[in-house]
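Worksheet: the structure to be examined is printed underneath.
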Amino acid sequence: MKKITTLRQAAITSVAHYLPEEVLPNSFFSSYLDTSDEWIKTRTGINTRRILRKGGSSDLALPAVKRLLEKRGITANDIDIIIFCTVTPDMFFPSTACVLQDKIGAKNAWGFDLSGACSGFLFGLETGRRFIEAGGAEKVLVIGADKMSSIIDYNDRNTCPLFGDGGGAVLLEPIEESEYGILDSILHIDGSGGEHLHMKAGGSLNPTTHETVDKKWHYVYQEGKTVFKSAVVGMADVSAEIVEKNHLTSDDIAYLVPHQANLRIIDATRERMGIPPEKVMINIDKYGNTTAATIPICLSEWHEAGKIAKGDYLVLASFGAGYTWGSILIRWAY
Ligand code: COA
């Protein structure tokens, strides 16, 4: 007999985040590098970032996930799938999803790591959404967590002030009301951009040797200006496109939730969408670029502050290494 499947709607039903306590101000960098608080502030929008000294990305996710479960009133055993989005896994294998599964004791879960750099969380959200819609899971944990300080050269002024450490997580569940939840997505990759933003060694192409360490190939390499130009166009285009595609206008959007890489990229996206500054979630000033974690941290902070209401339309948007970029349209469900 032919199997009939009805697609279900997936929605975020809980969100939480974690930031390590140690604060690194811009003055830290100007104390030993040829840079200044003024340069970093005006060119990036960043004032401070958080740093995790001990532990890996799983330790950035753990407090966020515990809080998320508590908020939703469920236990780790209720989780079906863990999708851990990161470019700074605790180690290559086992996956950080496995590490976290053990730490929280999610006995009934399976899961995997997802490498989408700054767009990792959006790619994870889309993946989790599809498992829910197809009936393959009831509760999917999507985590964005990166310990960027582990792959940053603190003597390279071009990259070291930009990044910070942090973690965020959302729970996806099926919901009855089909007008709420994750409504649409536009996602892209373009590998030809890889040469401009990458980490050269540590993988199978350039395994770790004394030479790769000496050449500093285990750090983030970025041609900032080139990436900036692509990011401005990429993020602004997909954000405007998803609004138009869904027959909405900028007035309908409660918040733009942009990846936090550079305040000037965020401003360009906002202007292209024609929405006022108060409708943009911005915390890059406090945390810098936490890669896969920026968007869930924003969602969590704004939700905890009571600034997101049921029925709000949110446009999530990102651009990052790969290149990877995209937008997701959500109608907040709780
Ligand atoms: N302090 C002082 N000067 C700095 C500096 C720092 N921390 N970092 C770079 N500079 C210098 C550069 O060396 C350059 O000097 P030069 O003209 O003598 O060569 C000058 O400032 C201008 O550099 P430029 O690259 O034009 O600056 P910018 O305005 O593009 O800003 C970035 C640099 C990295 C902040 C910006 O390009 C950026 O945000 N890029 C995109 C990041 C991104 O979106 N990444 C994707 C997600 S990870």
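Nothing fancy with the numbering, it's 1 onward along the sequence. Read the numbers this way: they start at 1 and go in the same order the structure lists the ligands and their atoms.
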Using a strict cut-off of less than 4.0 Å between a Lys/Arg side-chain nitrogen and an Asp/Glu carboxylate oxygen, indicate whether [X] and [Y] qualify as a salt bridge.
X      : Y      : answer
Glu278 : Lys307 : no
Glu173 : Arg72  : yes
Arg130 : Glu126 : yes
Lys103 : Asp59  : yes
Lys139 : Asp80  : no
Arg272 : Asp237 : yes
Asp184 : Lys245 : yes

Among all protein heavy atoms, pick out the one at the shortest distance from [atom]; state its residue, atom name and that distance to 0.1 Å.
atom                    : value
atom 33 (C) of ligand 1 : Trp39 CH2, 3.9 Å
atom 44 (O) of ligand 1 : Ile265 CD1, 3.3 Å
atom 1 (N) of ligand 1  : Thr35 OG1, 2.6 Å
atom 9 (C) of ligand 1  : Asn158 OD1, 3.0 Å
atom 40 (N) of ligand 1 : Gly224 O, 3.0 Å
atom 47 (C) of ligand 1 : Cys118 SG, 3.4 Å

I want to know if ligand 1 touches [X] in the polar sense, i.e. an N/O pair below 3.5 angstrom.
X      : answer
Ser36  : no
Arg43  : yes
Lys225 : yes
Leu197 : no

Please check if any side-chain donor atom of Ser300 sits under 3.5 Å from a side-chain acceptor atom of His17, or the reverse.
-> yes
Just checking, is any N or O donor in the side chain of Gln222 or Asn158 under 3.5 Å from an acceptor N or O on the other one?
-> no
Ligand 1 versus [X], non-hydrogen atoms closer than 4.0 Å: side chain, backbone, both, neither?
X      : answer
Asn262 : side chain
Phe319 : backbone
Asn289 : side chain

For Glu177, all residues meeting salt bridge (charged side-chain N to carboxylate O under 4.0 Å, His left out), sequence neighbours excluded | Lys310
The atoms of ligand 1 lying under 4.0 Å from a heavy atom of Val227, numbered in the order shown, are 43 (C), 45 (N), 46 (C)
Should you measure from each heavy atom of Thr44, which atoms of ligand 1 turn up under 4.0 Å away?
-> 35 (C)
Regarding [atom]: of the candidates [options], which has the closest heavy atom?
atom                    : options                        : answer
atom 11 (C) of ligand 1 : Arg157, Glu38, Lys229          : Arg157
atom 34 (C) of ligand 1 : Asp156, Thr291, Leu162         : Leu162
atom 43 (C) of ligand 1 : Met235, Glu223, Gln222, Arg264 : Gln222

What residues form a ring pair (Phe, Tyr, Trp, His ring centres under 6.0 Å) with Tyr323, not counting sequence neighbours?
-> Phe319
Distance below 4.0 Å between [atom] and any protein heavy atom?
atom                    : value
atom 17 (O) of ligand 1 : no
atom 14 (C) of ligand 1 : no
atom 7 (N) of ligand 1  : yes

Determine whether Leu122 and Tyr313 fall in the same hydrophobic cluster, where Ile, Leu, Val, Met, Phe, Trp and Tyr are linked whenever their side-chain heavy atoms lie under 4.5 Å apart.
-> no
Is any side-chain heavy atom of Ile12 less than 4.5 Å from a side-chain heavy atom of Trp332?
-> yes
